[in-house]
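A short write-up of the structure that comes next.
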Amino acid sequence: MAILVLGGAGYIGSHTVYELIDAGRDVVVADNLQTGFRAAVHPKARFYELDIRDRPALDALFERESIEGVIHFAASSQVGESMTDPLKYYDNNLCGTMVLLQSMVAHQVGKIVFSSTAATYGERSQMPILESDRTEPTNCYGETKLSMERMMGWVSRAHGLRYVALRYFNACGAHPSGSIGEAHDPETHLVPVILQVPNGRRAAVSVFGGDYPTKDGTCVRDYIHVTDLAQAHILALDYLLRGGENNVFNLGNGVGFTVREVIECARAVTGHPIPAELSPRRAGDPAQLVASSEKAKAVLGWRPRYNDLETIVASAWNWHKNHPNGYQEG
Ligand code: UDP
């Protein structure tokens, strides 16, 4: 039996495929390659180029492969874009997941682990955030992810599907081997954007907002290494395969860093002065998002290994300095 990884050519998906294959699992990857890269797919995974909104293509995959569980990363994930193009997020994230679940139900594939997000919580005043805290997204990205969680809940009641939603905080870093890393076009995420400066691809980094109610006025986020996230997906899938109930887990390190602190850390790691410019706030950004991941540790046995920001940024730099144009260059 194989594990199907949807979006397995993307950033977090490709890292999860590497961890699955290292653990000796049989892996099938499906990706439409709109934001993912063929070169990011592990050579030992069987690859299908398809869009999850394409029901016949999904049906054909489920008929051909013997799938015991699905890990679903195939979604759009940029907060800023979700505010200017919300319908893209409803289409790709919600309609895509609807078609996927239709096909899974039709083929009696009953277990799914999927990417949710800290953006489901919105603006919370108490840190760290618990899974039981209120969910009130401030951006359309978080809204569609919360709707995906709820869709799973209703499909579970009706058809017995079981799911785990993993609410990630800020994924960053790269595979320790340096063979895969983070690459988006255009790049919008903080760590890779910062590292474009020492790579000579950008003159300065823009700091989105300096008047938030935080210690230096910039947004606070909880940065988590992509390999630790990948491990959590495998633990969550095994939990479902053992008979675990529907569940939701936060994944973060429990420590918040401001945008300015992340830039300072990247200066230390790269030895480059990395100029920063204050810019207006980005629409939809909550002031702070810091996770409590105690539940994932207790229930899944999750143990993040890269819990130090400098190590995380250094692993990202190890990838970016050798791949300044992402997968476009060797
Ligand atoms: N950010 C920034 N400049 C950038 C990109 C991001 O100041 O060029 C800030 C952004 O406003 C947020 C934090 O960095 O507070 C992390 O943003 P990112 O897009 O990496 O992840 P998100 O928190 O939106 O998932």
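Only this structure's heavy atoms are used, side chains among them; waters, hydrogens and symmetry mates stay out. Counting starts at 1 for both ligands and their atoms, in listed order. Heads up: numbering here begins at 1 and tracks the sequence.
- A salt bridge links Asp211 with Arg281: at least one charged nitrogen is closer than 4.0 Å to a carboxylate oxygen.
- Looking at Leu190 next to ligand 1, an N or O pair under 3.5 Å apart turns up.
- Only backbone heavy atoms of Ser206 (N, CA, C or O) come within less than 4.0 Å of ligand 1; its side chain stays farther off.
- Atoms of ligand 1 found under 4.0 Å from any heavy atom of Val79 (numbered from 1 in listed order, with element): 24 (O).
- Of all atoms in ligand 1, listed by their number and element, those nearer than 4.0 Å to a heavy atom of Asn170 are 16 (C), 21 (O), 22 (P), 23 (O), 25 (O).
- Ranking protein heavy atoms by distance to atom 9 (C) of ligand 1, first place goes to Val259 CG2, 3.8 Å.
- Separation of atoms CZ (Arg167) and CG (Leu251) is listed at 11.0 Å; rounding is to 0.5 Å.
- The atoms of ligand 1 that sit less than 4.0 Å from any heavy atom of Val207 are 7 (O).
- In this comparison of Arg221, Gln196, Arg282, the heavy atom closest to atom 17 (O) of ligand 1 sits on Arg282.
- Annotation: atom 15 (O) of ligand 1 to nearest protein heavy atom, Cys219 CB, 3.0 Å.
- Using a 3.5 Å distance cut-off with no hydrogens or angles, the side chains of Tyr141 and Ser77 do not pair a donor with an acceptor.
- Nearest to atom 11 (O) of ligand 1 among the protein's heavy atoms is Asp285 OD2, 2.6 Å.
- For His189 and Tyr11, the ring centers are positioned 6.0 Å apart or more.
- Looking at Asn247, its side chain never comes within 3.5 Å of a backbone N or O of Val164 through a donor-acceptor pair.
- For ligand 1, the polar-atom distance check finds no N/O of Tyr223 at less than 3.5 Å from any of the ligand's N/O atoms.
- The proximity of Leu289 to ligand 1, defined as any non-hydrogen pair under 4.0 Å, does not occur for either the backbone or the side chain.
- In the vicinity of Val193, heavy-atom distances shorter than 4.0 Å reach the ligand 1 atoms 8 (O).
- Going from atom SG of Cys140 over to atom NZ of Lys88 covers 12.0 Å, rounded to the nearest 0.5 Å.
- If you check which protein heavy atom lies closest to atom 5 (C) of ligand 1, you get Thr188 O, 3.3 Å.
- Ring orientation note: the planes of His175 and His15 are tilted relative to one another, at an angle of 30° to 60°.
- Ligand 1 has an N or O atom lying under 3.5 Å from an N or O atom of Phe208, backbone or side chain.
- In plain terms, the two heavy atoms of Trp319 and Gly178 that are nearest each other are CE3-O, 3.6 Å.
- A tilted orientation is assigned to the rings of Phe114 and Tyr163, their planes being inclined by 30° to 60°.
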